[in-house]
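To start, the structure itself, in structure tokens.
It should be emphasised that the depicted structure is a prediction, and the values quoted were computed from it without experimental measurement.
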Amino acid sequence: MPARDDLDVLATHLGVPLDREVLRHALTHRSYSYEHGGLPHNERLEFLGDSVLGLVVTDTLFRTHPEVPESQLARFRSAVVNARALAEVARGLGVGQYLLLGRGEEATGGRDKGSILADAMEALIGATYITLGLDAASGLVHRLLDARMTEAAALGAGLDWKTSLQEVAARIGAGVPVYVVDSTGPDHAKHFHAAVTVRDVCGEGEGNSKKHAEQLAAAAAYAAIVEAHPELVG
């Protein structure tokens, strides 16, 4: 389907007065550029936006959580600026409807492809910075991601159960967690079962990806260890 042309609506959703040409540039995927004589695409803006996003989020987390160590701040930041989170924000804004894509990407569902949406979101942040300055770009990041920053801080250990399990295992001298993962089903619809052992504690989890199954197994083992050693989170 053709890209939506009412870019003023998108600008309103973003809350920044970007003109049509700037928005088109930020929404132009390289596949469209290659099919239309080498039009400017959004990868340079994406590169810039990634840095602006990282700066704003890092600065905010640093200032609002003065008691949190660097390792945990890094986890908070990763939870906010990862491709999945940015793609979800882009979907909420309807960014996919405005993307300029080549025929191949259009045919294979590029308008809802997480990597493309996340890159476009970074490009929009970069375009805001280069056109309107850091204050405007920072304001955009805050409008889009403040709720996620708050959520990341509230999740604590749940941001990354595997890392949290490894840390708590080290604190009780239990060694490194050992994972065993099995899968069933055809290649296009595999189901994974993971088990993790830490000394005499075992946790299990199932999911549609190896990573998800391992995270659930780690969460179960973490809960069992904390139940036995409540002083670890006291």
N82 side chain to A85 backbone, donor-acceptor under 3.5 Å: yes
Atom CZ of residue position R30 - does it have more than 12 heavy atoms of other residues, nucleotides or ligands inside 6.0 Å? no
Measure from the side-chain N and O atoms of Q215 to the backbone N and O of W161, and report whether any donor-acceptor pair falls under 3.5 Å. yes
Mind listing the closest non-hydrogen atom pair of N42 and A120 along with its distance? ND2-CA, 4.1 Å
L134 with L145, same ILVMFWY side-chain cluster at under 4.5 Å: yes
Applied to residues 35-58, the ring pair (Phe, Tyr, Trp, His ring centres under 6.0 Å) test, sequence neighbours excluded, yields Y32-H36
Evaluate the criterion side-chain hydrogen bond (donor to acceptor under 3.5 Å, both in side chains) for residue pair H29 and E105; output intermediate values, then yes/no. CA-CA 9 Å; H29 189 257; E105 287 292 355; 4.6 Å; no
Over all atoms of both residues, closest heavy-atom pair of L73 and H65: CD2-CB, 4.2 Å
Does L10 reach the side chain of L27, with side-chain heavy atoms less than 4.5 Å apart? yes
For R4, does the CZ atom sit with more than 12 other heavy atoms under 6.0 Å from it, leaving out its own atoms? yes
Whether the side chain of T128 engages the backbone of A137 through a donor-acceptor N/O pair (distance < 3.5 Å, no angle test) should be reported. no
Between L23 and A11, which heavy-atom pair has the shortest distance, and what is it? CD1-CB, 4.0 Å
Strictly distance-based, threshold 3.5 Å: is any side-chain N or O of R148 a donor or acceptor partner for the main-chain N or O of V81? no
Under a 4.0 Å threshold between the charged nitrogen and the carboxylate oxygen, would D187 count as salt-bridged to K190? yes
Considering non-hydrogen atoms only, spot the tightest contact between G114 and A87 and give its length. O-CB, 3.6 Å
Write down the atom of P17, the atom of L132, and the distance for their closest heavy-atom approach. CD-CD1, 3.7 Å
R111 (side chain) donor-acceptor with E106 (main chain) under 3.5 angstrom: no
Are K113 and T108 close enough that some pair of their side-chain heavy atoms sits under 4.5 Å apart? yes
I'd like to check V198 versus V178 (side-chain heavy atoms, cut-off strictly below 4.5 Å). Are they in contact? no
Does some side-chain heavy atom of I116 sit less than 4.5 Å from a side-chain heavy atom of L101? yes
Side chain to side chain donor-acceptor pair (under 3.5 Å) pairs touching residues 11-23, sequence neighbours excluded, are D5-R20
Looking only at heavy atoms, which two atoms of C202 and A195 are closest? And how far apart? SG-CB, 4.5 Å
Measure the shortest side-chain to side-chain distance between H142 and V56 over non-hydrogen atoms and say whether it is less than 4.5 angstrom. yes
Is there a path of hydrophobic side-chain contacts, each under 4.5 Å between heavy atoms of I, L, V, M, F, W or Y residues, that connects L140 with V52? yes
Check: residues 207-214 side-chain donor-acceptor pairs under 3.5 Å, at least two apart:
| residue | atom | partner | partner atom | Å |
| --- | --- | --- | --- | --- |
| S209 | OG | H212 | N | 3.0 |
| E214 | OE1 | K162 | NZ | 2.9 |

Quick check: are there more than 12 heavy atoms from other residues, nucleotides or ligands sitting under 6.0 Å from CZ of R84? no
Calculate, to the nearest 0.5 Å, the distance between atoms CD1 and CD1 belonging to I125 and I130 respectively. 14.0 Å
Min side-chain heavy-atom separation D6-Y98 under 4.5 Å: yes
Can you tell if the side chain of M121 reaches within under 4.5 Å of the side chain of L144, non-hydrogen atoms only? yes
Under 4.5 Å between any side-chain heavy atoms of L45 and H25, yes or no? yes
State whether the side chain of E35 and the backbone N or O of R103 hold a donor-acceptor pair below 3.5 Å, judged by distance alone. yes
